[in-house]
> 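Please see the structure below; I have some questions.
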Amino acid sequence: MKRWVRVLLTVALAASMAVEALAAAQPHDHELTYVVAKDACIARQGNAEHYYCAACDKYFSDAEGTKELQKETVFFDLSCHASNDSDTGKGNDFSIETLIDLDGSMQGTAIYGEYLFVANNEAVLKVYDIPSGKLLDTYQLASDTPDLAKNDPHANHANQMMFGAEKWAESDPFPLLYISTGNTGDFYDDDGTYVAKCAVERIVVTENADGSVSFSNQLVQTIAYSDKDFVRIDKKKYNDSVETFTGMYRDGRFTYIGNGEWANTENYQKIGWGWPASFVDSDPTHKTAGKFYLHGARFRTTEKWEGLNREIYTGSDTGIQYKEFNYYDCNAYIITEFRMPALPASEAEFGKTVVLTPKDITDQFETEFDIYFTQGGTLYQGKIYYSFGNGGKYGSPTANGIRIFDIEQERIVARVDLSADRGGMGSKEPECCAIYEGKLCMSAASKTGTTTDAVHIFGYVALDDGKGGTVCSMCGERLSDATDAYPDPSQPSEPDKTKPQDEEQEEKFEPDPFCILMGTGVMVVVGTLLLAMKRKRTD
């Protein structure tokens, strides 16, 4: 008798499971919400017009809920390889849109989550909510220099800024913000450090009684660089900031001179003319974690300095004749690595300056100089994204562009030509790069009345893979095997012929959970009955 009770309970359980599964599959009275169609763009997913039932998580094309749609047909992304412009090719393989229009001028630009921080050349910081485009607050950077004119060499020009990976306190809503301060001017500051410095600031958010929030900054520390004791200056032209060095020239570079405390065994070279930009990785790799970088150039990167820099590179010390000097070929971009300076032990020590010298260099490399007029950039996942130009025409010394420097590979892996008027970029001045949801952004100021100040977002940028081909910077898909030939983005990619056919079919197979449930229940019932019949015969 007990055996048959167990059999009946097992059958009842299997039947109950089957009934529940069938009930779940039965239609019900949908509570449908109408969703308007929305085009996909780089910053967000698009969708077709549809009706949605939250109770059963299903999509329909009609208001009665009788024509179901598959989710993958309702939502769609803008292909990162698609471009609205047919001008694809070397230096032009990218897609770009406007992320958010800005109210007023800008220099440094940084993004964290849905918050956009934009500073101007007087250290005024504005905070925007990206999805709504709403301006949330306006206030001064903690590193503001209110007693100085904005064109003073020591004034905080806020040329570029970016978030690091570290917060001062775990409860802070934002990581620390790194701002390259200073302005163009004399080579050295009064204390022997470069005019350009890096202000490290903590963002504090206060909730107001009316429900709004206010922002303010605290100056955590300042990072400065001084190499004055490691160079020999023969003469200096003030106003123009031209240095003539002696005893430093070696193989086309100016290498630091060691002293009793430090020998320049790695032949580290002078990193710039006095305005290197500071970089920290917001999403570091094994190489960039805990590191601080200065990006500079051997000579200043504006056209008017070509003649002035002949005085640096010619004469008896270098053996180069004045007429033989080629500014473009002799210049170079120089990226120098340091260990990240330690943060203060407490808030009571906020505001102090940490001075780095050539003795603190841990690595250095240079790349070719192929674009003028440095603007601002950011460092993300081991790559420096840097904007250049001042709205000049293609081929001119002020043509707009972006260079992407791979720190691990120690080379330029992408060159983006922004001189053509794609997305209105030809009539704008690039200002700074940032990252939003894993995509490259760049702020740009209008130079005419036909465009607006804005932050633009790139769907992708083609990266040089180092093997003569290019890959998509967003998904890593190969775009071409030749740097000057790109495939038609409208054509589907070729299937991977190296993959076995049965493997492809195996990957496509997706078992139906309901079928599995029903099959299991039937097997349990049949198996139980057969076992009961067998035991009965045995009895």
> Should Glu437 and Glu114 count as side-chain neighbours, where that means a heavy-atom distance under 4.5 Å?
yes

> Would the distance check show the side chain of Ser443 and the main-chain N or O of Cys432 forming a donor-acceptor pair, the cut-off being under 3.5 Å?
yes

> Just by modelled atom types, is the Ala169 backbone N or O under 3.5 Å from a matching donor or acceptor in the Asp172 side chain?
yes

> Give the minimum heavy-atom separation between Thr145 and Ala155, together with the two atoms involved.
OG1-CA, 3.4 Å

> Between NZ of Lys383 and SG of Cys433, what distance do you get to the nearest 0.5 Å?
14.0 Å

> So do the side chains of Trp262 and Phe230 get within less than 4.5 Å of each other, counting heavy atoms only?
yes

> Within a strict 4.5 Å, meaning less than it, do heavy atoms of the Tyr256 and Ile361 side chains meet?
yes

> Checking the side chain of Asp453 only, and the main-chain atoms of Ala445 only, is there a donor and an acceptor separated by less than 3.5 Å?
no

> Could you check whether any side-chain heavy atom of Met161 comes within less than 4.5 Å of a side-chain heavy atom of Leu125, counting everything from C-beta outward?
yes

> To the nearest 0.5 angstrom, please state how far the NE2 atom of His295 sits from the CD atom of Gln160.
9.5 Å

> Would you call the rings of Phe405 and Phe388 parallel, tilted or perpendicular, taking 30° and 60° as the class edges?
tilted

> To the nearest 0.5 angstrom, please state how far the CG atom of Asp227 sits from the CG atom of Leu356.
11.5 Å

> Would you sort out whether Phe369 and Thr301 count as a side-chain contact (heavy atoms from CB on, under 4.5 Å), showing the intermediate values?
CA-CA 9 Å; Phe369 174 82; Thr301 61; 3.8 Å; yes

> Have Ser143 and Glu201 got a donor and an acceptor in their side chains that come within less than 3.5 Å?
yes

> Looking at side-chain heavy atoms only, is the closest gap between Asn264 and Pro358 below 4.5 Å?
no

> Minimum heavy-atom separation for Thr357 and Phe338, please, with both atom names.
O-CE2, 3.8 Å

> Show the nearest heavy-atom pair for residues Gly133 and Tyr128, with the distance to one decimal.
O-CD2, 4.0 Å

> In the structure I gave you, are the side-chain heavy atoms of Thr374 and Trp275 within less than 4.5 Å of one another anywhere?
no

> Test your reading of the model: is there a side-chain donor-acceptor pair from Asn267 to the backbone of Thr255, 3.5 Å cut-off?
no

> Output yes when Asp363 and Lys287 qualify as a salt bridge under the 4.0 Å nitrogen-oxygen rule, no when they do not.
yes

> For Thr378 and Ile435, which heavy atoms make the closest approach, and how far apart are they?
CG2-CG1, 4.1 Å

> Give the intermediate values and the outcome of side-chain contact (heavy atoms from CB on, under 4.5 Å) for residues Lys126 and Asp137.
CA-CA 6 Å; Lys126 292 185 176 182; Asp137 203 357; over 6 Å; no

> Assess, by modelled atom type and distance only, whether the side chains of Glu366 and Gln269 contain a donor and an acceptor separated by less than 3.5 Å.
yes

> Tell me whether Tyr115 at atom OH has more than 12 heavy atoms from other residues, nucleotides or ligands lying less than 6.0 Å away.
no

> Keeping the roles fixed (side chain from Asp406, backbone from Val413), state whether a donor-acceptor pair exists under 3.5 Å.
no

> For this output row, return yes or no: ring centroids of Phe117 and Tyr112 closer than 6.0 angstrom.
no

> Verify, without hydrogens or angle tests, whether Asn121 (side chain) and His157 (backbone) share a donor-acceptor contact under 3.5 angstrom.
no

> Between Phe254 and Val231, is any pair of side-chain heavy atoms under 4.5 Å apart?
no

> Could you walk me through whether Ile271 and Gln364 pass the side-chain contact (heavy atoms from CB on, under 4.5 Å) test, one step at a time?
CA-CA 9 Å; Ile271 66 176; Gln364 185 184 77; 3.5 Å; yes

> How far apart are the closest heavy atoms of Ala142 and Asn217, and which atoms are they?
CB-O, 3.6 Å

> Give a yes or no on whether the backbone of Ala342 and the side-chain of Gln221 come within a donor-acceptor separation of less than 3.5 Å.
yes

> Kindly compute the distance separating CD (Glu408) from CD (Gln381), expressed to the nearest 0.5 Å.
13.0 Å

> Between Ser446 and Thr452, is there a side-chain heavy-atom distance shorter than 4.5 Å?
no

> Measure centre to centre between the rings of Tyr225 and Tyr194, then say whether the value is under 6.0 Å.
yes

> Counting only N and O atoms by type, is there a donor-acceptor contact under 3.5 Å from the side chain of Arg403 to the main-chain atoms of Ile412?
no

> Measure the spacing between OG of Ser278 and OH of Tyr293 and express it to the nearest 0.5 Å.
13.0 Å

> Shortest non-hydrogen contact from Gln107 to Asn120?
CG-C, 3.8 Å

> Before you tell me yes or no, could you show the steps for Asp360 and Arg339 under side-chain contact (heavy atoms from CB on, under 4.5 Å), namely the whole-Å CA-CA distance, both residues' side-chain angles and the distance that decides it to 0.1 Å?
CA-CA 8 Å; Asp360 299 307; Arg339 291 185 180 89; over 6 Å; no

> Look at the side chain of Asn331 and the backbone N and O of Phe299, then say whether any donor-acceptor pair between them is shorter than 3.5 Å.
yes

> Just checking Phe292 against Tyr178, ring centres under 6.0 Å apart?
no

> In plain terms, say whether Asp281 and Lys291 are close enough for a salt bridge, that is, a side-chain N and a carboxylate O under 4.0 Å apart.
no

> To the nearest 0.5 Å, what is the distance between CD1 (Ile179) and CE (Met162)?
10.0 Å

> Under 3.5 Å, side chain of Tyr268 to main-chain N/O of Thr336, donor-acceptor pair present?
no

> For residues Tyr333 and Tyr386, establish whether the separation of their ring centroids is below 6.0 Å.
no

